[in-house]
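What follows is a short report on a single structure.
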Amino acid sequence: MFTIGILASGKGSNVQAIIDRIKDGYLSSVKIGMVLSDNPDSKALKIAEKEGIKNIYIPPGNHKTFMDCNAEKEYVRILKENKVELVCLAGFMRIIKQAFFTEFKDKIINIHPSLLPAFPGVKAWIQAFDYGVKFTGCTVHFVQQQPVDSGPIIFQAVVPVFYDDTYETLYQRIQIKEHIIYPYVIKLISEDKIFISKGKVIIK
Ligand code: GRF
């Protein structure tokens with residue numbers, strides 16, 4: 001089994017999508033080792049609990065945008081202890097730092113709700129909508145330390161912006177695509193079909 005660990009702070013729809021794809025056999029050789037969160041009220045933890053998946057709230061410390069050193073070490077310790085081979089960020093609202101990159105080099109991925117490199121940062125679909133782009137979407141990428149939402153792009157899906165869209169309708173359609181491409185990328189990585197060459201991702 002290829003064991004992944006998911007870090008999530010929010011409502012957990014991507015956690016649910018990955019679970020659903022394991023259950024329906026699409027990700028038959030993938031196992032979620034655990035879901036970790038910096039938010040005790042995260043629905044992602046509740047989803048994991050309901051599905052019988054180990055789920056742990058780890059207090060992040062006193063900072064707003066990142067974890068303190070001890071918290072970060074604790075995340076890494078638990079992921080290592082459970083033999084996690086791929087760390088999947090799914091709406092984890094903290095910047096991760098050195099301890100992660102030392103232990104999980106090229107083994108951390110993230111999903112972002114825009115077509116990177118356009119609109120990094122928070123609420124990317126609102127940034128895209130307000131800018132007036134006609135197409136946006138979502139991106140799965142390897143995580144690198146700096147800057148935020150950078151790192152080699154693995155896969156993207158395009159979503160058109162309609163004249164009568166609102167922030168909400170646009171984001172709903174982006175999330176539908178997220179729930180397709182995140183499991184897809186996890187499958188490719190679990191099958192060893194993705195590698196990085198000269199800073200770019202090649203899919204075998
Ligand atoms: C997703 O839109 C993802 O792109 C972003 O955070 C959101 C998490 O959504 N990084 P959910 O909690 O999985 O529903």
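Between Asp192 and Lys204 there is no salt bridge, since no side-chain N of the basic residue sits under 4.0 Å from a carboxylate O of the acidic one. Salt bridge annotation for Glu49-Lys46: absent, with no cationic side-chain nitrogen under 4.0 angstrom from a carboxylate oxygen.
Within 6.0 Å of the NZ atom in Lys80, the count of heavy atoms belonging to other residues, nucleotides or ligands exceeds 12.
By the 30° and 60° cut-offs, the orientation of the rings of Phe104 relative to Phe100 is tilted.
Looking only at atom types and distance, the side chain of His63 has no donor-acceptor partner in the side chain of Thr65 under 3.5 Å away.
Not one N or O on the side chain of Asn110 forms a donor-acceptor pair closer than 3.5 Å with the backbone of Val143. Side chain of Lys187 to backbone of Tyr26: a donor-acceptor contact under 3.5 angstrom is found. Between the side chain of Glu72 and the backbone N or O of Lys97, at least one donor-acceptor pair lies under 3.5 Å.
Residues Ile6 and Tyr75 are members of separate hydrophobic clusters, defined by side-chain heavy-atom contacts under 4.5 angstrom among Ile, Leu, Val, Met, Phe, Trp and Tyr.
Residues Leu89 and Ile111 have side chains not in contact (no heavy-atom distance under 4.5 Å, counting atoms from C-beta outward). By the 4.5 Å heavy-atom criterion applied to side chains, Gln156 and Val140 are not counted as neighbours. Under the 4.5 Å side-chain criterion, counting only non-hydrogen atoms from C-beta, Ile194 is in contact with Phe142.
Thr3 approaches Asn82 most closely through the heavy-atom pair CG2-O, 3.9 Å. Considering every non-hydrogen atom in both Val201 and Pro152, the closest pair reads CG2-CB, 3.6 Å.
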- Message: Run the side chain to side chain contact (heavy atoms under 4.5 Å, CB included) test on His141 and Ile109 for me, step by step, so that the C-alpha distance in whole Å, both residues' side-chain angles and the decisive distance to 0.1 Å come before the verdict.
- Response: CA-CA 6 Å; His141 64 98; Ile109 60 173; over 6 Å; no
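Taking the ring centroids of Phe119 and Tyr131, they lie under the 6.0 Å cut-off.
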